[in-house]
Amino acid sequence: MTTNSQVKTSTIPDKIWSKDFVLICLANFFIFLGFQMTLPTLPLFVKELGGSDQLIGVIVGVFTFSALLLRPYAGHALESKGRGFVYMTGLAIFVLSVGSYAFAASIVFLFIMRIMQGVGWGLSTTATGTIATDLIPPKRRGEGMGYFGLSSNLALAFGPTLGLTLVGHISFTQLFLICALLGFVAFLLSSRIRYKKVDQLAAKTTTVKFDIFEKTAIQPAVLLFFITVTFGGITSFLPLYAEEKHILGIESYFLVFALFLMVSRTFAGKIYDKKGHVYVFLPGTILIFCAMLLLSWLPSTFIMLIAAGMYGLGFGSVQPALQAWSVDKAPDNRKGMANATFFSFFDLGVGIGAITFGQLAYMFDYSVIYVTSAGSVLFSIILYLYLFIRTKRKNQAAA
């Protein structure tokens, strides 16, 4: 005889849209909206304070490196101190640091607060990916992470455009206070989530010295690194590059990019779940590669928007697939560390890209940034093919 409790346990595992999943998506949307509004406007603020292209790259880069250093700690803390503690601590630090930008009168102060923002970002984004993973059924992880990614994609659709629009009508002080307020809304929403309880036995096994990554996540994380290098070049220098070439509609670039990113989320995750990463990674990276070549050329607004669509479609397909790949093979008590590893390489790619491209822009011109970005994506494709062929041969030998 089948009881009601047995029926529930057989149906609940396949459900994605629970109350807590909706709350984490909403919280993620608001924190990313505040963050995305600062991405294209912060380089303009640095310019206003008298900074050079090199300083823009350093200020963008130091944020990602501070986040990078915190992610291993965040990965351990998620299993020992709990999801809620790590997430809400990160949100609080993020809100205070972004709010302090409103009072920045020097690049030195901005530099210090940028480090603090990276700390908050490293804690909160490592936690939020793990929280979402907890709430998504394993059999639908690719699809679920795609839906979860829509929350940040929606923020990306409106954030940069809203930030660039507002900065033309209000002061930077008002802009940064609005961004901090959005982060506070995320903090309030996160307080309503029921987080997975800490497994005390698992917590004791996560305190290994020099344990700074999850080995099962290394391959997808390394591939991600060579792709997110491109992101550092776009967020840091594309507004300045478009202005230099007298290309109008830079706000539309971020909107088109985000819209195509969202479109990709509706099908890429399902393809990953059914056929594996090979059917998602290669088409996605080829699109990103072509988008970088178009940006290096950039003759008109029309070409810029085509590049935005291709980049959004490609990045939106590849990123959640690589994240799902990162956590799929990790032990249950290492999901947090797998997410930490994944985002550490994400941060590393953006940071190295921003700093390196700042030097390239200083020495050459902005177009070199996107030629170099295309080369980085091409290397990622070659590395993926090598790893794929090697794994296939190992499996055949084992069989």
Side-chain angles (χ1 to χ4, degrees), residues 27-28 30-39 42-43 46 56-78 81 83 85-101 110-132 149 152 155-156 159 176 179-180 182-183 186-187 190 211-214 217 221-222 224-236 319 322-323 326 336-358:
N28 198 52
F30 282 106
I31 190 66
F32 265 84
L33 184 61
F35 173 70
Q36 294 292 347
M37 287 172 65
T38 66
L39 277 184
L42 196 59
V46 174
I56 290 172
V58 170
I59 287 175
V60 171
V62 75
F63 162 82
T64 57
F65 282 116
S66 61
L68 170 67
L69 292 175
L70 259 291
R71 291 203 189 279
Y73 165 76
H76 289 300
L78 285 168
K81 297 182 181 297
R83 277 44 165 165
F85 172 82
V86 177
Y87 187 43
M88 296 185 72
T89 299
L91 290 177
I93 295 172
F94 179 87
V95 169
L96 292 173
S97 58
V98 172
S100 71
Y101 289 178
L110 181 64
F111 181 84
I112 294 171
M113 288 301 101
R114 187 71 170 156
I115 293 174
M116 291 306 299
Q117 185 192 359
V119 171
W121 191 248
L123 292 172
S124 61
T125 52
T126 303
T128 192
T130 306
I131 294 164
S152 55
L156 182 57
F176 294 136
C179 294
L182 292 169
F187 182 87
S190 68
D211 180 19
I212 59 174
F213 61 82
E214 168 54 40
V222 170
L224 181 77
F225 166 82
F226 290 104
I227 294 168
T228 54
V229 163
T230 66
F231 204 69
I234 289 173
T235 57
S236 303
Q319 189 264 335
L322 289 178
Q323 186 173 5
S326 295
M337 204 62 200
N339 267 305
T341 301
F342 178 81
F343 282 109
S344 291
F345 279 82
F346 192 115
D347 293 337
L348 193 62
V350 175
I352 288 179
I355 293 173
T356 302
F357 294 148

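All values below were derived from every heavy atom in this structure, side-chain atoms included, with hydrogens, water molecules and symmetry-related copies excluded. This is a predicted model, so every value here is computed, not measured.
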Give me the atom names and distance for the closest heavy-atom approach of V119 to S66.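 What the structure gives for the nearest pair is N-OG, 3.8 Å.
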Quick check: closest heavy atoms across T38 and G34, and the distance to 0.1 Å?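 Looking at all heavy atoms of both residues, the shortest contact is CG2-O, 3.4 Å.
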Nearest 0.5 Å, what's the [atom1]-[atom2] distance between [X] and [Y]?
X	Y	atom1	atom2	result
I234	L39	CD1	CG	11.5 Å
T228	I352	OG1	CD1	9.0 Å
F65	R114	CZ	CZ	12.5 Å
S100	L96	OG	CG	8.0 Å
F342	L224	CZ	CG	4.5 Å
I31	T128	CD1	OG1	9.5 Å

Full working for side chain to side chain contact (heavy atoms under 4.5 Å, CB included) between V229 and F357: CA-CA 9 Å; V229 163; F357 294 148; 3.6 Å; yes
Among L91, I93, V86, which residue meets the side-chain contact (heavy atoms from CB on, under 4.5 Å) test with T89?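 The residue from L91, I93, V86 that satisfies side-chain contact (heavy atoms from CB on, under 4.5 Å) with T89 turns out to be I93.
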Dump the intermediate steps for side chain to side chain contact (heavy atoms under 4.5 Å, CB included) on T130 and R83, then the final yes or no. CA-CA 8 Å; T130 306; R83 277 44 165 165; 3.5 Å; yes
So Q323 and F346, side chain to side chain contact (heavy atoms under 4.5 Å, CB included) or not? Walk me through it. CA-CA 10 Å; Q323 186 173 5; F346 192 115; over 6 Å; no
Working for side chain to side chain contact (heavy atoms under 4.5 Å, CB included), residues F94 and F187: CA-CA 10 Å; F94 179 87; F187 182 87; over 6 Å; no
